[in-house]
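For reference, the structure discussed in these notes is given below.
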2 protein chains.
Amino acid sequence: MSEITIKFLAEKLNLASSTVSRALNDSHEISDKTKKRVLDLAKSLNFQPNANARSLREQKSKTIGVIVPDRVNNFFNLVIEGLESVCREEGYSLIVYNSYEDVEQEKKIIYSLLGGKVDAVVISLADEEKEVQHLEWLREKNIPILFFDRVARHVSGLKYTTNDLESAYLATKHLLDKGCKKVAFLGLSNTSSVGKARQDGFIKAHIEHGLVYDKNLLIGFGHDDIENQKVLEKLFYKINRPDGVLAAAEKLGIATLRALHNLRIKIPEQVRIVSFTNMQFADLLSPALSTIAQPAFELGSTCAKELIRGLKSKNINLFEEKKIELPSKFTIRDSSK
Amino acid sequence: MSEITIKFLAEKLNLASSTVSRALNDSHEISDKTKKRVLDLAKSLNFQPNANARSLREQKSKTIGVIVPDRVNNFFNLVIEGLESVCREEGYSLIVYNSYEDVEQEKKIIYSLLGGKVDAVVISLADEEKEVQHLEWLREKNIPILFFDRVARHVSGLKYTTNDLESAYLATKHLLDKGCKKVAFLGLSNTSSVGKARQDGFIKAHIEHGLVYDKNLLIGFGHDDIENQKVLEKLFYKINRPDGVLAAAEKLGIATLRALHNLRIKIPEQVRIVSFTNMQFADLLSPALSTIAQPAFELGSTCAKELIRGLKSKNINLFEEKKIELPSKFTIRDSSK
DNA sequence: TTGTAGGCGTTATCAA
DNA sequence: TTGATAACGCCTACAA
């Protein structure tokens, strides 16, 4: 680490370190002449105030902790990009953690954040029904928590989601309108508000169509891609296989496509598909995939704006329970025509 | 931020804060009984030592700064994932910055990192030929720099790359073997060692085949996706269009696919394509895309291991010039058969 | 085995 | 307008 400190600059310039500090912070109580002397020297030495000392003194780190269940996922990446675009402007850095869809991991991460490393936490939960006690830890330490996508059900706070129920409803309605008789709903089997909402939308469309949905067609998947692939191939190998699919997660939509390819089943003639995904080349898949794309970047930037506003105003009320819902975009392509 | 500090614990337990500190750090000079008392209280209060105070005192932050030119890109994401997988184990956090392919942005980021916010920087450069002066700033402050993928040509250090020349050579040879007469090389036009190596491989294959490559077919692209799309459509609309493409970047491979689709040109009958990409569903594209996939995760994890080793040993020599090259994987699919 | 004191680099309060 | 001093919370040398 560098030996150049405010004290060092002060000695060089025959000033008190407090004067140098004020000059660097452009305080009005310092003469222009002194300011110039200080700034010139600082610049010439590439001086940058020690971040840790400042954070300690100010009791804030200008850093936001972000916790996502799956860092490589396109959706979370775009959200992070949205968060960063705003935070960067405001001089905040992001530390991103991956909980790997594991509540225990999430707990560890949060525990490690309890010592003033971050000023706030933005999180998409690994599992919403399991313990929320670690979220309370943050509360106790007065570290604001904001939720997005997979939001906490039993903890209050700012919550940013997309219109999952409605999107799933529209997609399912579309499949039924196209004549599908047996539509399968593929979801991740962790207990998540998102999965729940999408499933509710799926069911709602069936009811409106006067149909009874088959409970066996609400299928839950884990995080083992190879295992999931097997389950899907088994599902579509059956005589009375589904003739429509609503995949509530990108990886499931992709796995379905792959399964159908392997089994030489024609899309959309034999099976129609719609998948939730933020992939940028759904139109180039074989066949072009009908998608529901979440407004990921906007979710991140909207959340960050509110967060920074709250952090600046120090008005705790700004972090009170509030639900913000942004609309996803449903695009019909060849896979469900 | 929390009011619970070591001093607070000490008062509660009628101990000196130094004793508590030592107990928390499991020092051998503290009795088991005292340790237990301290640990129990700490745990019950969810005590976590203040990270900023500790960093200030220790002169290290246990945080690594990562700078990539394009955060949403699959390749960089996987590298970051690889970095994190190792860093997490070792108790290091990652702060990731996006330079948006812009050297000025990169400079700003690095300047902001000069104050002890991070213990080291891992970077893939925005542009390798432009100024490297900001890299020297890090040197001066004794902050180690490690490079990956787009490595600095005129700055020494640890450099992690993939066998770009060879991969491009193999892919080009494959296209020529398949009978392509006019292969285009699509690269990003920033001056990058990566782009250069891939182009060299492309040229080498032509020479070996006894062919003269057309300089007009070495095409450089910027970062405006819409503009790139136009350029490609113009290129393939021509009568004497290329009959083969080596795309040196994922976005260019995708844009080519899209252009050919729009023009109703058949792949591989009329044009064959191979693209560099780390996309996970290249096999599901229309047609399945031949790819060169870089070992992104391994690049990250290998780099992180060496970094941590260096940081621990405090042996500066460990960060001296060394080039590590990992092999990419070339997979032939329908798009070039 | 435990306690005392000082300093990491910064900023804010008070005094000059 | 500038200077001296204390404090943020932690760790470590030295003392007991």
Side-chain angles (χ1 to χ4, degrees), chain A residues 1-39 41-42 45-63 91 112-119 141-142, chain B residues 1-39 42 45-62 91 112-119 141-142:
Chain A
M1 213 168 282
S2 163
E3 334 66 47
I4 299 173
T5 65
I6 285 189
K7 201 176 153 195
F8 177 88
L9 297 180
E11 280 165 15
K12 281 272 176 206
L13 296 168
N14 265 319
L15 290 169
S17 54
S18 53
T19 306
V20 174
S21 170
R22 276 180 281 228
L24 289 169
N25 290 307
D26 200 24
S27 160
H28 58 269
E29 40 183 11
I30 299 293
S31 73
D32 287 349
K33 202 178 131 208
T34 305
K35 264 186 202 169
K36 187 165 171 1
R37 284 181 67 211
V38 172
L39 260 27
L41 182 62
L45 294 174
N46 280 325
F47 170 76
Q48 178 77 187
N50 185 287
N52 302 125
R54 178 177 273 178
S55 295
L56 174 58
R57 175 64 224 231
E58 309 267 271
Q59 297 290 62
K60 58 185 178 191
S61 60
K62 294 275 261 173
T63 304
S112 79
L113 260 29
L114 260 20
K117 204 180 174 68
V118 299
D119 295 341
K141 309 276 175 181
N142 292 319
Chain B
M1 212 168 284
S2 162
E3 335 64 51
I4 298 172
T5 65
I6 285 188
K7 200 174 153 198
F8 177 87
L9 297 180
E11 280 166 13
K12 281 271 177 207
L13 295 166
N14 264 320
L15 289 170
S17 54
S18 56
T19 307
V20 174
S21 171
R22 278 181 279 233
L24 289 169
N25 290 307
D26 202 23
S27 160
H28 58 271
E29 42 183 10
I30 298 293
S31 74
D32 287 350
K33 200 179 132 207
T34 305
K35 265 186 203 170
K36 187 167 172 358
R37 283 182 67 212
V38 172
L39 261 28
L45 294 174
N46 281 322
F47 170 76
Q48 178 76 189
N50 185 288
N52 302 125
R54 177 177 273 176
S55 295
L56 174 60
R57 174 63 224 235
E58 308 267 273
Q59 297 290 62
K60 57 186 179 192
S61 60
K62 295 273 261 173
S112 79
L113 259 31
L114 260 22
K117 203 179 175 70
V118 298
D119 295 341
K141 308 275 174 181
N142 292 319

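Chain letters run A, B, ... following the sequence lines, proteins first, then strands; residues in each count from 1.
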Under 4.0 Å, heavy atoms only, any strand: does A:F47 hit a base, just the sugar-phosphate, or nothing? sugar-phosphate

Determine the contact category for A:L56: base if any of its heavy atoms lies under 4.0 Å from a base atom, sugar-phosphate if only primed atoms, P, OP1 or OP2 are that close, otherwise nothing. base

Mind calculating the distance between [atom1] ([X]) and [atom2] ([N]) to the nearest angstrom?
| X | N | atom1 | atom2 | value |
| --- | --- | --- | --- | --- |
| A:K7 | D:dA4 | NZ | C1' | 13 Å |
| A:N25 | C:dG9 | CG | P | 17 Å |
| B:Q59 | D:dT12 | CD | P | 13 Å |
| B:K35 | C:dT1 | NZ | P | 9 Å |
| B:N50 | C:dT10 | CG | P | 17 Å |
| A:D26 | C:dA12 | CG | P | 14 Å |
| A:E29 | C:dT11 | CD | P | 13 Å |
| A:I6 | C:dT10 | CD1 | P | 4 Å |

Would you say [X]'s side chain and [Y]'s backbone share a donor-acceptor pair under 3.5 angstrom?
| X | Y | answer |
| --- | --- | --- |
| A:R37 | A:L13 | yes |
| A:D119 | A:S61 | yes |
| B:K141 | B:G116 | no |

Search all heavy atoms of [X] against all heavy atoms of [Y] and return the closest pair with its distance.
| X | Y | answer |
| --- | --- | --- |
| A:A23 | A:I30 | N-CG1, 4.0 Å |
| B:N46 | A:L114 | O-CD2, 4.1 Å |
| A:N50 | A:N52 | OD1-N, 2.9 Å |

Side chain of A:S31 - closest among C:dT2, D:dT1, C:dT11: D:dT1

Trace of the side-chain contact (heavy atoms from CB on, under 4.5 Å) decision for A:L41 with A:V20: CA-CA 11 Å; A:L41 182 62; A:V20 174; over 6 Å; no

Would you say B:R57 reaches D:dG9's phosphate, i.e. side-chain N/O to OP1/OP2 under 4.0 Å? no

Does D:dT2 have OP1 or OP2 under 4.0 Å away from a side-chain N or O of A:T34? yes

For DNA chain D, determine which residues of residues 9-24 of chain B have any heavy atom closer than 4.0 angstrom to one of its atoms, and list them numerically. B:S18, B:S21, B:R22

Axial bend angle, the helix from C:dT1-D:dA16 to C:dA16-D:dT1: five-pair end segments, nearest 10°: 40°

Please name all residues satisfying side-chain contact (heavy atoms from CB on, under 4.5 Å) with B:S17, sequence neighbours left out, ordered by chain then number. B:I6, B:A10

A:T63 vs A:K117, side-chain contact (heavy atoms from CB on, under 4.5 Å): CA-CA, chis, key distance, verdict: CA-CA 7 Å; A:T63 304; A:K117 204 180 174 68; over 6 Å; no

Between A:A51 and B:D32, just flag the one whose closest nucleotide in DNA chain C comes earlier from the 5' side. B:D32

